[in-house]
Amino acid sequence: MEFAELIKTPRVDNVVLHRPFYPAVEGTLCLTGHHLILSSRQDNTEELWLLHSNIDAIDKRFVGPLGTIIIKCKDFRIIQLDIPGMEECLNIASSIEALSTLDSITLMYPFFYRPMFEVVEDGWHSFLPEQEFELYSSATSEWRLSYVNKEFAVCPSYPPIVIVPKPIDDEALRKVATFRHGGRFPVLSYYHKKNGMVIMRSGQPLTGTNGRRCKEDEKLINATLRAGKRGYIIDTRSLNVAQQARAKGGGFEQEAHYPQWRRLHKSIERYPILQESLIKLVEACNDQTHNMDRWLGRLEASNWLTHIKEILTTACLAAQCIDREGASILIHGTEGTDSTLQVTSLAQIILEPRSRTIRGFEALIEREWLQAGHPFQQRCAQSAYCNSKQKWESPVFLLFLDCVWQILRQFPCSFEFNENFLIMLFEHAYASQFGTFLGNNESERCKLKLQQKTMSLWSWVNRPSELSKFTNPLFEANNLVIWPSVAPQSLQLWEGIFLRWNRSSKYLDEAYEEMVNIIEYNKELQAKVNVLRRQLAELETEDGMQESP
Amino acid sequence: MASAPTSKYNSHSLENESIKRGTFFILIDKEVIYICPFNGPIKGRVYITNYRLYLRSLETDSALILDVPLGVISRIEKMGGATSRGENSYGLDITCKVRDSVLSYEGHSRRDMFEILTRYAFPLAHSLPIFAFLNEEKFNVDGWMVYNPVEEYRRQGLPNHHWRITFINKCYELCDTYPALLVVPYRASDDDLRRVATFRSRNRIPVLSWIHPENKTVIVRCSQPLVGMSGKRNKDDEKYLDVIRETNRQISKLTIYDARPNVNAVANKATGGGYESDDAYHNAELFFLDIHNIHVMRESLKKVKDIVYPNVEESHWLSSLESTHWLEHIKLVLTGAIQVADKVSSGKSSVLVHCSDGWDRTAQLTSLAMLMLDSYYRSIEGFEILVQKEWISFGHKFASRIGHGDKNHADADRSPIFLQFIDCVWQMSKQFPTAFEFNERFLITILDHLYSCRFGTFLYNCESVREKQKVTERTVSLWSLINSNKDKFKNPFYTKEINRVLYPVASMRHLELWVNYYIRWNPRIKQQQPNPVEQRYVELLALRDEYIQRLEELQLASSAKLSDPSPSPSSPSQMMPHVHTHF
């Protein structure tokens, strides 16, 4: 297919762009295969450069011959283009619609993007499972790498390499896989070096209505317990939901078959409900009718902060089991690809100082989201403005980032990265020039040959010039477990995401700049102190030499 | 006194007592059970001094569990009778103002304690002096010197050829709730002022609060005109407003902001008040700002207390918060102040602000608008002057609104108007983190001593009474405490900028409940005090100073070395990078 077929009118003059907080810009609109570009004619500077894949929905309307297209982006921005000429406007609108909803992944921009920067470190090789495992293997010999899923035959949504208890052989893993939803047998997610306790994750057990059991499954998870120890199974669903799942072949671990485990139920909502919540929230945030007296009510009615609270509470519970109770845990919901990953990754933010560094957080996303098979392609296909009733979209990853932001707000000096880093990850999960978030799991990414054909997001982010934008100037390594407060007064709407386009952050940015400046200045001063000290030392030795005969 | 202060207990409790100058003495110490609203009953020893009540745990390292200035107490009640059964059924129930803390305690022989507490918490009812008059604390700065009206008006460039300073109210005979010194139009004679006073509620005539340094437009404050049901007019008042308008020739109209909702202004006619009608005041435009009265504000804050104390309403937090309407009131006050500031700054029109009596909403609006317009008021001393001028000297009725030393806790005159103003300031400081010299602690300290009765600053309703009571001679000013310890109250992010007008966003989306103030007593809310970012920043600044100092020392040392006659390979100027302190 040629993109040209989809672009009937590649260029229109005298188009006016309206954005909140900016003066209107008149310029020339150009459509390319992947971008919508508007440049003002006066000084020819670039004004707008928008990826088609960032476009969530468009509205068009006409007043006489003047057409208006309202573009709603996946990052929640809304812009307006006034296009003279009805035909041009219709052409542009239909092109945008077609180009922003391309079916084939291989037509997406990452397959065409040629980086303008020199790749110092190839991000595709930055976080290999073997390297991650090495971090543990010095501390424990109870775990091993298994290649049982090499061809993605045992579990299509798992990576080829997983970490499992040493005593369990690959044959047993295959059997366990048949007993777990989507073949997602329990694997190691996190090893707490302080006391050797672990977080494992999996899909729900397929007990069904007649209470099927699987000896290998029981053996596998018991193998992770030390003698005489009990563990916790955290089911992210309420007991009620878990019971209903039995009718569809799913279920939960029966006490009788897992006597060494205590099961705890939490109720993190499933992804369709989270999507509804996002739509309501963004609607409320964008409501310009100024019926503001209802704002808090609408914020509450969206339930967004309730979901945040529920997810954080569950993550705290998991962290508590590990750090306070000294017990290992297994976490799952239904598929084990959404709420499960929210909990396992947030528990690590709480427990593990490394995951609060930039590198460590990237590794966490790579391990607990990308390789763990969170279906990014499905979940991030559309965002808050989509009206097509595709049913896979959900802001599961955004909720995770929001939870991280809440913890970051409460512990502003304990993270090496800043809010901009989280916003950047949100943007790239939905629309990007990089291949990192394409596909639903490792198996799909292999088939798409992303490593060969696209650039990794990490190749770009981890360059010093980019990193400086994402580094928290106040960071001071904090080796403690950090316990966030989940009281409603402690949780706040993430303005940097949800009110980003209808607030002016000028003054907050100034304060931030001020802080960066003083830190830079301190570094300079320190360097000068060192230089002077050295010179002084040299002078002294010179003196000494002159004095000695 | 009921229980004599033994030296043992004295030394024990003095360790945390900052008021040591003879005025402090223990009235009671006694073992009680404190029913902590958060953690249940705690065994402790209660101490009551003539300034405060505090409680040390008998269980955990005699930790200080409770520390309340007696001025904060609004109500003391006995609960249960001597014969009542069951746990925690007999004792005292102590309720505090604003601070969401109630002390219930169990213990027999509560009578002394009840009597002593009532005497010292409500001294007015017992013809005892308020603690501020006993307090002999000494500071190395005298806070009473902070505000000098003549100096402040001079700073504003007054008098000038349009505005003059008048001493007509020197003995408070023109208006007993106004300060002695007033700024009025040059063209209005003292006789004019007397005639205008007859037409303004409680004689609070329009006087200047602030003048724009460039366009010379002014903010003028007053009370409502006495229009009444019959729609009375007063030529002198009309002429006077016209004279005010003419001091600035850029715009042909004077803008009047009536802080009240339209209906309330109309209703006030029935009691002889009202507002400026179009017919009578041709050259004025009137707008209502829809801010509610002191009773609405009091009830709203009470609802806030209900949802955060003793337990924070968890399940429907946001809609509960919404139903208190507190943030909505904040929004309206801020919106009103923004309109005043904008009219003066961009609209180039002089503005007259009033409500009913001109001492509650009017003070909120003028002071907030001045804070937005004039960067001077955003410094620590500037803010003190602002409070001293627009609130204390212009007769905000602190004694009635707060009820210092008064036992009548249900008095309808009480209202958190000043607290609401401080809340608005806090909201602004959140939106402009670099604009204010002071930090959150400064605001909280002001509020703490609004109630504590340790300082004379907020005592009494107006200047005339304060003068009669010789408050400045007989009490210590709160600003003495603050100004002798300024570093504690400084915002490290402050970057002084002259002439920037601040327009906060007064949208509900950008207003927050001041959790660090309203919910600070709840141990379950994560306390971020002092703010970690602020703390870290202070550390960084200290580090900077240390580096600069070390650099200078090294430079000195090395230049000393270089100035030695011993030959040196390079010249000093090349070798020494000079420190440019660009901060």
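By convention in this document, chain letters (A, B, ...) are assigned in the order of the sequence lines, proteins followed by strands, and residues within each chain are numbered from 1.
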Exercise for the section: Check each atom of B:Gln431 against the heavy atoms of chain A and say whether the ones under 4.5 Å are side chain, backbone, both or neither. Expected result: backbone
Exercise for the section: Side chain from CB out, backbone as N, CA, C, O: work out which of these in B:Glu512 comes under 4.5 Å of a heavy atom of chain A, or both, or neither. Expected result: side chain
Practice task
Examine distances only and state if a side-chain atom of B:Glu322 and a backbone atom of A:Leu296 form a donor-acceptor pair shorter than 3.5 Å.
Solution key: yes
Exercise for the section: Check whether any side-chain heavy atom of B:Arg509 sits under 4.5 Å from a side-chain heavy atom of A:Asp287, and report yes or no. Expected result: yes
Handout entry: Student check: side-chain heavy atoms of A:Tyr521 and B:Ile548 closer than 4.5 Å
Key = yes
Practice task
Identify which part of B:Leu502 has an atom lying under 4.5 Å from any heavy atom of chain A, answering side chain, backbone, both or neither.
Solution key: neither
Problem - chain B contact via A:Tyr512 - side chain, backbone, both or neither, heavy atoms under 4.5 Å - result: neither
Exercise for the section: Could you look at B:Thr495 and say if it's the side chain, the backbone, both or neither that has a heavy atom under 4.5 Å from chain A? Expected result: side chain
Practice task
Would you name the heavy atoms of A:Leu499 and B:His510 that are closest together and state the gap between them?
Solution key: CD1-CE1, 4.1 Å
Exercise for the section: Tell me, for B:Leu540 versus chain A, whether the close heavy atoms (under 4.5 Å) come from the side chain, the backbone, both or neither. Expected result: both
Handout entry: B:Leu554 side, atom CG; A:Arg534 side, atom CZ - distance, nearest 0.5 Å
Key = 12.0 Å
Fill in the blank from the handout: When rounded to the nearest 0.5 Å, the distance separating OG1 of B:Thr434 from CG of A:Asp509 is 11.0 Å
Exercise for the section: Please look at B:His316 and chain A and tell me whether the side chain, the backbone, both or neither of the residue comes under 4.5 angstrom of a heavy atom of that chain. Expected result: both
Exercise for the section: With a 4.5 angstrom heavy-atom cut-off, could you sort out which part of A:Leu305 is near chain B: side chain, backbone, both or neither? Expected result: side chain
Handout entry: Which portion of A:Ala301 sits near chain B, non-hydrogen atoms under 4.5 angstrom
Key = neither
Practice task
Please name the pair of heavy atoms, one in B:Arg536 and one in A:Pro473, separated by the smallest distance, quoted to 0.1 Å.
Solution key: NH2-O, 4.5 Å
Handout entry: Any A:Lys309 side-chain heavy atom under 4.5 Å of B:Glu314 side chain
Key = yes
Exercise for the section: Any chance you could measure A:Lys528, atom NZ, to B:Leu551, atom CG, to the nearest 0.5 Å? Expected result: 7.0 Å
Fill in the blank from the handout: When rounded to the nearest 0.5 Å, the distance separating CD of A:Glu300 from CH2 of B:Trp317 is 10.5 Å
